[in-house]
Each structure stands twice: as structure tokens, then as C-alpha cells.
Amino acid sequence: MAEHLTEHIVFNKPKIELHVHLDGAIRVETILDVAERRGITLPACTVKEMTHICVVHQPATLTEFLGKFTEYMHIIAGDREAIKRIAYEFVEDKAKEGVIYVEVRYSPHFLANTDVEPIPWNQKEGDLSPDEVVRLVNQGLADGEKAFNIIARSILCCMRHMPSWSMGVVELCKKYKKDGVVAIDLAGDESLNCEAYPGHRMAYEEAERCGVHRTVHAGEVGPASVVKEAVEVLKAERIGHGYNTLEDQVLYKQLLEQNMHFEVCPISSKLTGACDPDFTKHPVITFRKDKANYSLNTDDPLIFNSTLHLDYSTAQKYMGFTEEEFKRLNINSANSSFLPEKEKKDLVNKLYEAYGMVENTGF
Ligand SMILES: O=c1[nH]cnc2c1ncn2[C@@H]1O[C@H](CO)[C@@H](O)[C@H]1O
């Protein structure tokens, strides 16, 4: 986007990011590097050309946007070194943006080439399972945490169009709870399949039963009823995007009362066609006025050619966000993180300190 070039840092203080896809946050250089090492031909050989291919330039649809992943996922999937590397580099990139705590999400199945049916991205069957993918990402994130002094946790995604994977996803959440996996998510094309299939419902029931935290992509392009289902049936504790909640004022009021957290992604919402491209009409303006609980996030910075700074500067420039609101939303984000209570409290205190605030100063 053009704004990217003129972006400036409007909130140069510690930040929290809760909604970002690992496979939507890969460096273009890394895609080119790995393709070369693996001897896979790409339609582009420079960073500039490859960026052009991966990026959504104009507001599109969610379905068109999701198609962008097919440009490069086959390069990374099935490759142990590449998977560990993208996780490590992700942490480095976030640290550079001033993020001190991040929850990064991905589908282990999308990066595997065995124990997954169908095998994604036209890969040949190999020997990398979703289980090992999670271990590799955990390792890359843990190495990144040590090197760059931030906290990185992960969320495993079920995919809307693949309900048969979902029980496997929740089992991985349970298995790797002690290794930084904090929650389950349901991502993918909400516009194609609105009501959650039994496979997803069963996985979320199991998650709740086992104390695995839950977030769901809902009301991004789908109607408010998807948000209602996420909360009432899937027992979501946070909502990914959630913009269309505003279409159902009864539901919205109820979620405000419950202090439901909305994971808002401003730049993403324009380029996926989820929201009006005029940022001055963005739903997060209503969220802010109502003192709702929400975060600001990049979602897929590779595909939107964006950074977290761009989301913040957009909020400031077009939506009237102030420094005080940035502090408030980051404190809310920390409080809505999926960390255990004690670690959450430490994180919130870190923010209070960095923002020069005494704890419990009410807004
Ligand atoms: O904004 C979004 N809405 C719905 N699904 C998404 C979005 N961004 C990425 N993914 C999907 O989540 C998968 C796991 O990370 C990605 O591969 C992509 O298919």
C-alpha cells in the first residue's frame, strides 16, 4: 500500500499483539531463500517481484485474499528448517516493532506433509506431521524469545473448510500446553461456511473441557449470527475481528457487558473487503466510543505489506486514536491474553510501568 511508505511510528511504546498468522507473516526474503535451497522454481526471483505477487494491493474479498497463501505455502510446508526459521524470524520482527508479548497462530496441518488428509499445497507425501510442525514452531519461538527478549505464545488453528482436522488440533493444544501453545482458533473462509460443523464443535467442547483457551474468527465477513454461535456454541473467550457484531445490537450490548475481547485488524479489514475502505467509518471507532475491550493487530503483514506501526498510525490518522487510547487498549489486550493468571498480571504490570501509570488507575 502507498501509506506503507509514509508510515510513521505513532506509539513507540511496548505493545501486545494477539491476532497474527505465522504463515501470513513470513519474510519474502525467506521465501526466496528457501525456494532456492529446495530447488523450487518461483514465478519471481527478486524481493520486489515476489512481494508484488504475495500482496493484496486493492480491497478484495476474503476468498481472494486467502488465495494468496497458495503463492508461497508450498515453499515452506514440509521443510523442517524453514518452519523453525519463520517462527524465529517472526519473533525478531515483532521485537523490532516494540511488541513485548505476542500470540501467533497457524494451522499445523497446513505446514505438514504426512498425517494430514488431504496433503495441502500439492505436496508429495513426506514425513513431517502436524505434531512435529508444532514442535518445530515451539522451538523457533523459544529461540526467538531468548534472543530478542519478548514473550511469544502460539494458538493452533482449525480451518473452517476442514472439520476433520479439528479434533487433531485440540489434541495438539492439549499436548503442547506446557510448551507455549495457549489456545485453539477457527480460521478460514467464514463466507463459504457459516455454521460450524460438528467436527469444530466437538473440538471446542473438548478444548473447554480441558481448559484450552478459545478464540474464533467470526463476524469478519460473516454475519453477527456467526459471532453469536462462536460465543454460545463454541464458547469463544475472544472474537477474531468481530466487526459485524454491530449488526446485532442486542448481541453487541451483551458482549460489551461480558467484556468480550475483539481482535481488531484495521489494515486487514480494508484489504479483505471485511469493512468499508473508508477508515473513518471503521467499526473499531464504535468499539472505542463504547470503551469496548479490543486489540489492534496486523493479521497477515506479508500479504498486506504492512507492519503493526501502520495499523496504529491508521488508527491515529483516520480514526482519532490518542496515546491514552493506545495505552488503554494494550492494557486490555494484556488482560485478555491467554497467559496463566500470574504471568498475565506480570505482563499487565510491565505495561503500567512502561506507560508511567500507577496500577489500577481507572480510565
Ligand atoms: O483474516 C483471516 N480470516 C480468516 N482466515 C485467515 C485470515 N488470515 C489468515 N487466515 C487463514 O488462517 C490460516 C492459518 O494461519 C492461514 O493459512 C489462512 O488460511
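Counting starts at 1 for both ligands and their atoms, following the listed order.
- Here the two rings, on Phe287 and His282, have centers that are 6.0 Å apart or farther.
- Note: Phe11 and Tyr355 meet the aromatic proximity criterion, with ring centroids under 6.0 Å apart.
- Under 4.0 Å from ligand 1, the heavy atoms of His241 that appear belong solely to its side chain.
- The ring of Tyr318 has its center closer than 6.0 angstrom to the ring center of Phe279.
- Here Glu171 pairs with Lys174 in a salt bridge; the nearest charged N to carboxylate O distance falls below 4.0 Å.
- Protein heavy atom closest to atom 3 (N) of ligand 1, with residue, atom name and distance, is Glu220 OE1, 2.8 Å.
- Inclusion of Gly188 in the set of residues having an N or O under 3.5 Å from an N or O of ligand 1 is warranted.
- Close approach to Phe110 involves these atoms of ligand 1, each under 4.0 Å from a residue heavy atom: 17 (O), 19 (O).
- For Asp185, the heavy-atom gap to ligand 1 stays at 4.0 angstrom or more.
- Cation-pi geometry between Arg153 and Tyr101 is not met at under 6.0 angstrom from the ring centre and within 45 degrees of the axis.
- Every atom of ligand 1 is numbered from 1 in the order shown, and the set under 4.0 Å from a heavy atom of Ser107 is 14 (C).
- The shortest N or O to N or O distance between Ser268 and ligand 1 is not below 3.5 Å.
- Around CD of Glu36, the count of heavy atoms belonging to other residues, nucleotides or ligands within 6.0 Å does not exceed 12.
- Residues Leu339 and Ile155 do not share a hydrophobic cluster, clusters being chains of Ile/Leu/Val/Met/Phe/Trp/Tyr side chains in contact below 4.5 Å.
- Remark: of the listed residues His241, Arg105, His217, Arg105 is the sole one forming a side-chain hydrogen bond (donor to acceptor under 3.5 Å, both in side chains) with Glu263.
- The N/O atoms of His21, backbone and side chain alike, include one that comes under 3.5 Å of an N/O atom in ligand 1.
- The distance from ligand 1 to the heavy atoms of His217 drops below 4.0 Å at these ligand atoms: 2 (C), 3 (N), 4 (C).
- For Thr272, the closest heavy-atom approach to ligand 1 does not fall below 4.0 Å.
- The side chain of Leu62, and not its backbone, has at least one atom closer than 4.0 Å to an atom of ligand 1 (non-hydrogen atoms only; side chain from C-beta on).
- Looking at Asp300 next to ligand 1, an N or O pair under 3.5 Å apart turns up.
- Applying the 4.0 Å criterion to heavy atoms of Leu66 picks out, from ligand 1, the atoms 5 (N), 6 (C), 10 (N), 11 (C), 18 (C), 19 (O).
- You'll find the ring centres of Tyr312 and Phe321 outside the 6.0 Å limit.
- Contact atoms of ligand 1 toward Asp299: 1 (O), 2 (C), 8 (N) (distance under 4.0 Å to a heavy atom of the residue).
- The closest approach between a heavy atom of Met159 and any atom of ligand 1 is below 4.0 Å.
- Of the protein's heavy atoms, Asp23 OD2, 3.1 Å lies nearest to atom 16 (C) of ligand 1.
- For the pair Arg238 and Phe338, the cation-pi test (distance below 6.0 Å, angle within 45°) is passed.
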